[in-house]
Protein chains: 2
Amino acid sequence: MKRRNTHSTAEIFEVLKSSGNALSHDMIQENIGSDIDRATIYRVLNRFCEDGKVHKVIGDDGKQYFAICHNCSGKKQVHSHNHIHFRCLHCGKVECLERDLAVPLPEGYVAKVHNLVISGFCNNCS
Amino acid sequence: MKRRNTHSTAEIFEVLKSSGNALSHDMIQENIGSDIDRATIYRVLNRFCEDGKVHKVIGDDGKQYFAICHNCSGKKQVHSHNHIHFRCLHCGKVECLERDLAVPLPEGYVAKVHNLVISGFCNNCS
DNA sequence: TTTATAATGCGACCTTGTTGCGATAATATT
DNA sequence: AATATTATCGCAACAAGGTCGCATTATAAA
Ligand SMILES: [Mn+2]
Ligand SMILES: [Mn+2]
Ligand SMILES: [Zn+2]
Ligand SMILES: [Zn+2]
């Protein structure tokens, strides 16, 4: 199952990269020139996640947001992120606050996935 | 707009209280004796949230979980919680880890809502 | 007991995301 | 360059989770 370079994958990745933020499906669809099918966008994004190029966060609005991985050298290890995400209630921007957060869990608890979101007003909107 | 004491509100609150955890809509519906309509359950839960008796978290599965508030003296102030929630990937339990977490945000950012969820395996399932 | 209206049940609806399948196009093979 | 292979795409249908409108019910005040 070897990945192919397609128009869709290139364009979606470019949108994510130039944005620099975490984007939801509809944000991506807006910022894209050609119109790519909804299902395709989701499939491309999920493939990116599997390949460790992108990570996904569930916002406090229940939506999925996707952001390019940094300091997350490919698929060589477990693809986990423990940084906070900030979602602006005014402009909608979702950003990765690239400072890792150490969370102490009670005895016997094993963390697998971190989904940390704070919403409020960003520097531009406060 | 004064609240009324109904069969539904009493029973739903009792389920939340005796569980001690954060419950999703379907968990509540299972643990309830009589069958209360889906819409009613959501309306009751949202009313509880408005009244500061319960708080809501969006899980990393995208679902809403509701838990009784502790140390959250009613509606006298902004209803905010900054504790971590743990969701077990095996047994499905979602619990509030009642230790407040101070998260430093960049200059100019204002936090309104904390939605912090870690999923993994709980003490019973690890 | 009567009255006002908050809360309920039901159905319709919405949004977000996934899946099946036949068609298309990227890559490998000849 | 032509062909074969199959990953990816587009479309439509579906599913889950949650909300809303409206007529009906039931709580609590008068
Ligand atoms: Mn991130
Ligand atoms: Mn909680
Ligand atoms: Zn903003
Ligand atoms: Zn467990």
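Residue numbers start from 1 in every chain, and the chains themselves are labelled A, B, ... in the order their sequence lines are given, proteins ahead of strands.
Not a single donor-acceptor pair under 3.5 Å links the side chain of A/Asp51 to the backbone N or O of A/Lys53. One N or O on the side chain of B/Glu11 and one on the backbone of B/Gly33 form a donor-acceptor pair closer than 3.5 Å.
In the helix from C/dT1-D/dA30 to C/dT30-D/dA1, the end axes, each obtained as the rotation axis mapping the C1' atoms of four pairs onto the next four within a five-pair block, lie 30° apart to the nearest 10 degrees.
In this entry the distance linking CZ of B/Arg47 with C1' of D/dT27 reads 12 Å, nearest Å. Taking atom CG of residue B/Asn46 and atom P of nucleotide C/dT8, one finds them 12 Å apart after rounding to whole Å. For the pair A/Phe66 CZ and C/dT16 P, the computed distance is 13 Å after rounding to whole Å. Atom CD of A/Glu50 and atom P of C/dT18 are 11 Å apart (whole Å). One atom, CG of A/Asp37, and another, P of C/dG17, lie 14 Å apart when rounded to the nearest Å. In this structure, the CG atom of A/Asp61 is 9 Å from the P atom of C/dG17, given to the nearest Å. Going from atom CD of A/Gln29 over to atom P of D/dC9 covers 14 Å, rounded to whole Å. Computed from coordinates, the B/Leu45 CG to D/dC20 P distance equals 15 Å when rounded to whole Å.
Of the options A/Phe66, A/Phe13, A/Tyr42, a ring-ring contact (aromatic ring centres under 6.0 Å, His included) to A/Phe48 is made by A/Phe13 and by none of the others. The ring-ring contact (aromatic ring centres under 6.0 Å, His included) test with B/His83 singles out one residue from B/His70, B/His114, B/His55, and that residue is B/His55.
The side chain of B/Arg38 places no N or O atom within less than 4.0 Å of a non-bridging phosphate oxygen (OP1 or OP2) of D/dC20. Residue A/Tyr42 has a polar side-chain atom (N or O) positioned under 4.0 Å from OP1 or OP2 of C/dG17.
Residue-level contact check: B/Ser8 touches the backbone only, with heavy atoms under 4.0 Å from sugar-phosphate atoms and none from bases.
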Would you sort out whether A/Leu16 and A/Leu45 count as a side chain to side chain contact (heavy atoms under 4.5 Å, CB included), showing the intermediate values? CA-CA 10 Å; A/Leu16 284 176; A/Leu45 290 169; 4.0 Å; yes
Under the side chain to side chain contact (heavy atoms under 4.5 Å, CB included) rule, what do B/Asn46 and B/Arg43 come out as? Steps first, then yes or no, please. CA-CA 5 Å; B/Asn46 288 330; B/Arg43 282 192 273 229; 5.7 Å; no
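Between A/Cys88 and A/Phe121, the shortest heavy-atom contact is SG-CA, 4.0 Å. Nearest heavy-atom pair, B/Gly92 versus B/Arg87, reported as atom, atom and distance to 0.1 Å: O-CG, 4.4 Å.
For the residue pair B/Gln64 / B/Ser24, no side-chain donor-acceptor distance below 3.5 Å is found, with atom types taken as modelled.
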Produce a footprint string for nucleotides 20-30 of chain C: one letter per nucleotide, 5' end first; B if the base is under 4.0 Å from any protein heavy atom, S if only the sugar-phosphate is, - if neither. BB---BBSS--
